[in-house]
Amino acid sequence: MLHNRSIGELAESLARKEISSVELTRHFLARIEAMNPTLNALITVTAPQALAEAAAADRRRAAGEHGPLLGIPLIHKDIFCTDGVRTSCGSRMLDSFVAPYDATVVERLKAAGAVTLGKANMDEFAMGSSNETSYYGPVRNPWDPARVPGGSSGGSAASVAARLAPFATGTDTGGSIRQPAALTGITGIKPTYGRVSRYGMIAFASSLDQAGVFARSAADAAFALQAMSGFDPRDSTSVDAPVPDYAGTLDAPLAGLRIGLLKEFFEGLEPRNAALIEAAIGVLRGLGAVTREVSLPSLPLSVPTYYVVAPAECSSNLSRFDGVRYGHRCENPKDLADLYQRSRGEGFGAEVKRRIMTGTYVLSAGYFDAYYLKAQKVRQLITDDFRRAFAEVDLLVSPTTPTPAFGIGAKVDDPVTMYLNDIYTIGANLAGLPALSAPCGFVDGLPMGVQLIGPHFAEARLLNAAHQYQRATDWHRRAAPGYA
Ligand code: GLN
């Protein structure tokens with residue numbers, strides 16, 4: 001079936017004119033129509049635009065153009081501004097916001113000829129680990145519709161897992177690509193901070209937010225990341241460094257690759273999860289990697305550090321949504337204060353309000369030193385721990401999540417338990433490092449992921465190691481029942 005083919009295989013069929021992009025786009029749109037009512041993975045489906053973009057891709061190909069993404073469909077997380085298309089960020093606040101321009105990520109994928117099928121559901125303003133904070137309702141996990149797909153990019157992950165598109169974009173501030181990739185059995189990569197432009201990506205916590213990719217395999221992710229990456233003068237934190245050929249280095253042998261096993265992350269790990277990670281490490285060893293244990297003593301502080309820094313930045317970023325400049329405006333305000341209070345009160349959901357309040361508190365004059373400044377210092381200690389580790393090893397390996405997908409509703413009333421889902425992923429964001437999650441097996445019939453973390457700008461190494469692992473295993477080929 002078309003939807004089970006890799007991006008490389010689809011590109012070949014398009015090049016040989018066995019299929020057209022219009023046919024391919026119709027195929028995926030039909031799957032979305034049939035399956036999205038159950039999954040709730042997409043907020044907006046842009047069928048007419050998608051077919052027009054597909055026809056344009058077919059014309060470009062007929063005119064002699066080629067490229068790995070020319071005519072390949074994708075879904076964008078609804079955090080990326082899309083010209084002329086609603087960009088809601090999962091919030092009532094932006095329910096009627098139609099972006100007047102494309103985010104750089106969107107623009108670059110369009111230039112590569114990729115076809116946008118629609119916009120994926122997500123946690124409100126990307127705050128969450130389960131996709132339950134969305135104004136548009138929870139996304140369901142294709143492996144079990146009673147369970148969450150993870151978050152905040154849950155709609156993107158569920159879409160790729162259900163084969164509604166060959167790939168999707170996401171963003172990762174504390175784990176929102178890797179965690180849902182793990183819980184839905186697909187591959188997700190968060191690149192180095194600065195590798196992909198944040199221009200036109202609605203800000204949550206600017207020093208942590210980074211765009212990345214969901215695909216079924218590392219090889220597919222390589223094509224997508226290639227098209228998205230690179231310097232953008234419109235993002236002041238974008239890094240002006242050449243982008244390596246990710247697809248071209250996938251086949252490099254792993255012999256001699258030095259892998260560090262994160263001691264702090266293996267302590268107290270649930271035995272079945274530990275067994276899967278051990279097995280993945282065994283495969284990497286079989287491919288020639290050498291392993292050793294490494295300790296990052298400050299790493300266990302990453303969750304509390306993140307939950308000071310991220311809310312602080314969000315309280316500032318979200319102040320722009322005031323009912324005047326953007327977003328939801330309340331009916332018949334009495335005066336200016338009433339306009340602000342009710343517009344923000346009605347426009348934001350409970351989790352976003354919790355973060356804004358926490359963030360405002362930690363930034364306030366009396367508590368700034370005790371919380372925000374302290375968190376920034378601990379963030380530096382965590383970054384230093386990683387730097388020391390990467391003087392000795394090329395990659396770090398750990399689980400991606402503590403548990404498989406949990407039930408919808410199981411953790412919503414307990415924010416701290418919810419926050420602990422990201423215990424293994426947040427460190428990479430605090431240090432700005434690239435990290436990838438690849439499927440590595442099942443617990444109770446539900447997919448689990450293994451995480452690879454690399455030094456800054458080592459995306460090629462992560463994709464190479466994951467690709468070699470995927471050549472030796474078939475976890476990434478498993479489809480959820482009913483979605484094969
Ligand atoms: N789950 C984390 C949070 O709620 C991370 C979210 C993200 O990466 N966008 O903030």
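Basis for what follows: all heavy atoms, side chains included, without hydrogens, waters or symmetry-related copies. One-based numbering, in listed order, for ligands and for the atoms of each.
Classification of Lys110 and Glu107 as a salt-bridged pair fails, no side-chain N sitting under 4.0 Å from a carboxylate O. A salt bridge does not link Asp95 to Arg92: none of the charged side-chain nitrogens sits closer than 4.0 Å to a carboxylate oxygen.
For the side-chain hydrogen bond (donor to acceptor under 3.5 Å, both in side chains) criterion with Asp172, the lone passing option out of Gln179, Lys190, Arg178 is Arg178. The side chain to side chain contact (heavy atoms under 4.5 Å, CB included) with Thr400 is formed by just one residue from the set Asp422, Thr425, Ile277; it is Thr425.
When the shell of 6.0 Å around OH of Tyr367 is examined, it contains 12 or fewer heavy atoms from other residues, nucleotides or ligands. Around the CZ atom of Arg477, the shell of radius 6.0 Å holds no more than 12 heavy atoms that belong to other residues, nucleotides or ligands.
At the top of the distance list for atom 10 (O) of ligand 1, counting protein heavy atoms only, stands Tyr306 OH, 2.6 Å. Looking only at heavy atoms of the protein, atom 3 (C) of ligand 1 is closest to Tyr307 OH, 3.2 Å. From the protein, the heavy atom lying nearest to atom 4 (O) of ligand 1 is Arg355 NH2, 2.7 Å.
Within ligand 1, the atoms closer than 4.0 Å to a non-hydrogen atom of Ser176 are 5 (C), 6 (C), 7 (C), 8 (O), 9 (N), numbered from 1 in the order shown. Close approach of ligand 1 to Ala126 is summarised as follows: ligand atoms under 4.0 Å from at least one heavy atom of the residue are 6 (C), 7 (C), 9 (N).
Residue contacts with ligand 1: Gly151 is placed with no nitrogen or oxygen under 3.5 Å of a nitrogen or oxygen of the ligand (distance criterion only). Residue-to-ligand polar distances keep Lys77 apart from ligand 1: every N/O pair is separated by 3.5 Å or more. Residue-to-ligand polar distances place Gly175 within reach of ligand 1: an N/O pair is separated by less than 3.5 Å. Backbone and side-chain nitrogen or oxygen atoms of Phe204 are examined, and none is located within less than 3.5 angstrom of a nitrogen or oxygen of ligand 1. Below 3.5 Å of separation, one finds no N or O of Asp172 facing any N or O of ligand 1.
Closest heavy-atom approach to atom 1 (N) of ligand 1 among the candidates Asn429, Thr173, Asp422: Asp422.
When atom types are taken as modelled, the side chain of Thr184 and the backbone of Asn141 share no donor-acceptor pair closer than 3.5 angstrom. When atom types are taken as modelled, the side chain of Asp385 and the backbone of Ser298 share a donor-acceptor pair closer than 3.5 angstrom.
In Ser152, the part holding a heavy atom less than 4.0 Å from any atom of ligand 1 is the side chain.
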